[in-house]
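We use all heavy atoms of the structure for the numbers below, so side chains are in, but hydrogens, waters and symmetry mates are not. Numbered from 1 within each chain, the chains take letters A, B, ... in sequence-line order.
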2 protein chains.
Amino acid sequence: MHRHDGHDACRTDAHDMLARAEAVCRARGLQFTPLRREVLGAVADSGKAQGAYDIAERLSAPGRRVAPVSVYRALDFLMEQGLVHRIASRNAFIPCAYDHAPGEGVIFLICRTCGAVDEASTQEVEDGLERTLERAGFTPTHSILEVEGDCGLCREQKRTP
Amino acid sequence: MHRHDGHDACRTDAHDMLARAEAVCRARGLQFTPLRREVLGAVADSGKAQGAYDIAERLSAPGRRVAPVSVYRALDFLMEQGLVHRIASRNAFIPCAYDHAPGEGVIFLICRTCGAVDEASTQEVEDGLERTLERAGFTPTHSILEVEGDCGLCREQKRTP
DNA sequence: CGCGGGTTTGTTACAGTGTATCACCGCAAC
DNA sequence: GTTGCGGTGATACACTGTAACAAACCCGCG
């Protein structure tokens with residue numbers, strides 16, 4: 001499983017992310033514009049979930065202002081392409097750590113201490129969830145599964161300070 | 001399972017909710033003030049999730065304005081007491097349909113058609129979730145599980161219009 | 001080359017969501 | 001009484017997200 005622990009500089013894959021995004025867009029005949037690249041870079045370049053306004057501020061410079069609305073549009077695009085996830089409980093965004101199988105669900109593991117967000121597969125959860133939904137007579141279209149807690153590294157650091 | 005289908009007027013339990021809330025507060029030595037009662041009533045009195053501003057507007061009248069901040073405070077209190085749930089994906093609030101076992105998780109089933117929100121237990125889901133979290137070395141403190149889709153009644157109505 | 005049509009971005013304005021702060025009130029305890 | 005504390009009112013503000021329109025860009029086509 002990929003680690004976004006936020007303790008060491010976990011930006012090794014920012015470059016990979018950009019390469020993957022470029023490939024995805026090319027394959028789908030979509031534009032991977034400079035702005036979209038920058039927004040994805042900003043999201044991928046930090047170990048923790050970023051708010052849209054944080055990203056806007058980060059991309060802005062004395063000579064150049066990036067408005068939040070532009071960031072939102074880029075994020076919408078990136079989410080449609082599955083390159084970025086939105087964390088509903090934080091109003092924040094993270095890069096997608098890997099290619100998900102189509103229809104596969106994701107669990108977001110949000111560390112309340114270091115703020116890093118990891119992804120886990122829902123395979124083991126899906127069975128029970130499907131049964132529960134069926135019993136309730138409910139037909140799902142989209143699920144959100146977010147767990148807050150302490151990641152392994154933060155737990156260790158608390159034990160041995 | 002309790003039905004909050006929103007098709008018929010599902011307010012039968014609004015009165016029960018208030019009675020239960022009163023009992024809970026008395027048992028815990030907390031104040032169930034008129035404002036808190038009204039806010040809980042407004043949340044319980046509608047089949048669908050209510051935004052804080054909706055509630056504020058609903059409680060306001062020509063001679064009396066209830067500010068959103070007051071509603072938020074009441075909602076915070078009600079959530080702490082487990083009488084109201086927050087739906088993160090909608091920024092909205094629903095009454096808690098039943099007494100949950102301590103530590104028991106909840107799944108929110110959100111109908112995208114009628115807007116009703118039902119609750120289901122996570123018992124069948126919990127096993128897989130625990131295993132997944134353990135494998136990831138993650139210690140959970142709080143989980144959010146929200147599923148969007150079509151409830152049984154809305155699905156029927158779509159089939160036979 | 002210039003033109004037309006789609007997409008992307010910039011800009012402004014605004015709607016919706018949530019919090020901070022301080023003042024006031026009511027009530028219980030001392 | 002007055003002191004303290006929790007609850008409420010009121011204002012202001014920060015944060016999150018969207019609507020609408022104009023300008024820039026790109027690309028194919030005549």
- prompt: Which ring-ring contact (aromatic ring centres under 6.0 Å, His included) pairs, counting each pair once, include a residue from residues 100-156 of chain A, with sequence neighbours left out?
  reply: A:H85-A:H100, A:H85-A:F108, A:Y98-A:H100
task: May I ask you to list the residues of residues 72-85 of chain A, by number, that have any heavy atom positioned under 4.0 Å from an atom of DNA chain C?
output: A:R73
task: Please name all residues satisfying side-chain contact (heavy atoms from CB on, under 4.5 Å) with A:L18, sequence neighbours left out, ordered by chain then number.
output: A:F32, A:R37, A:L40
message: Do B:V117 and B:L109 have side chains that approach each other closer than 4.5 Å (heavy atoms only, starting at C-beta)?
response: no
message: Tell me every residue that passes salt bridge (charged side-chain N to carboxylate O under 4.0 Å, His left out) with B:R86, counting only those two or more places apart in sequence or in another chain.
response: none
- request: Just jot down the side-chain hydrogen bond (donor to acceptor under 3.5 Å, both in side chains) partners of B:R90, sequence neighbours excluded, or say none.
  value: none
query: Atom CD1 of A:I55 to atom C1' of D:dC15: distance rounded to whole Å?
result: 14 Å
query: Bend across the helix from C:dC1-D:dG30 to C:dC30-D:dG1, to 10°, with axes taken over 5 pairs at each end?
result: 10°
query: Looking at residues at least two apart in the chain, or sitting in another chain, which of them share a side-chain hydrogen bond (donor to acceptor under 3.5 Å, both in side chains) with B:S70?
result: none
query: In terms of heavy-atom contacts, does CD of A:E104 have more than 12 from other residues, nucleotides or ligands at under 6.0 Å?
result: yes
- request: Answer yes or no: does a side-chain N or O of A:N91 lie under 4.0 Å from OP1 or OP2 of D:dG17?
  value: yes
- request: Examine the side chains of B:T139 and A:D150 and answer whether a donor and an acceptor come within less than 3.5 Å of each other.
  value: no
message: Need one value for B:R86: base, sugar-phosphate or nothing, where a base atom within 4.0 Å counts as base even if backbone is also close, heavy atoms only.
response: sugar-phosphate
task: Strictly below 4.0 Å, heavy-atom distances to any atom of DNA chain D: list the hits from residues 23-42 of chain B, or just say none.
output: B:Q31, B:T33, B:L35, B:R36
message: Within the 4.0 Å heavy-atom criterion, would you say B:V66 contacts the bases, only the backbone, or no part of the nucleic acid?
response: nothing
- request: For the pair B:T141 (side chain) and A:E148 (backbone), establish whether a donor and an acceptor sit closer than 3.5 Å, ignoring hydrogens and angles.
  value: yes
message: Considering only residues two or more places apart or on different chains, which pairs with a residue in residues 71-82 of chain B satisfy side-chain hydrogen bond (donor to acceptor under 3.5 Å, both in side chains)?
response: B:R28-B:Q81
Pairs flagged by salt bridge (Lys or Arg N to Asp or Glu O under 4.0 Å) wherever residues 120-134 of chain B is involved - sequence neighbours left out: A:E124-B:R131, A:R131-B:E124, A:R135-B:E124
task: Output the single nucleotide from D:dT11, D:dT18, D:dT16 whose closest atom is nearest the side chain of A:Y53.
output: D:dT16
message: Restricting to salt bridge (charged side-chain N to carboxylate O under 4.0 Å, His left out), what partner residues turn up for A:D54, sequence neighbours left out?
response: none
query: Is the backbone of A:V66 close enough, under 3.5 Å, to the side chain of A:S60 for a donor and an acceptor to pair up by distance?
result: yes
message: Reading DNA chain C from 5' to 3', where do the contacts with chain A start and stop? Cut-off is 4.0 Å to heavy atoms.
response: C:dT7 to C:dT12
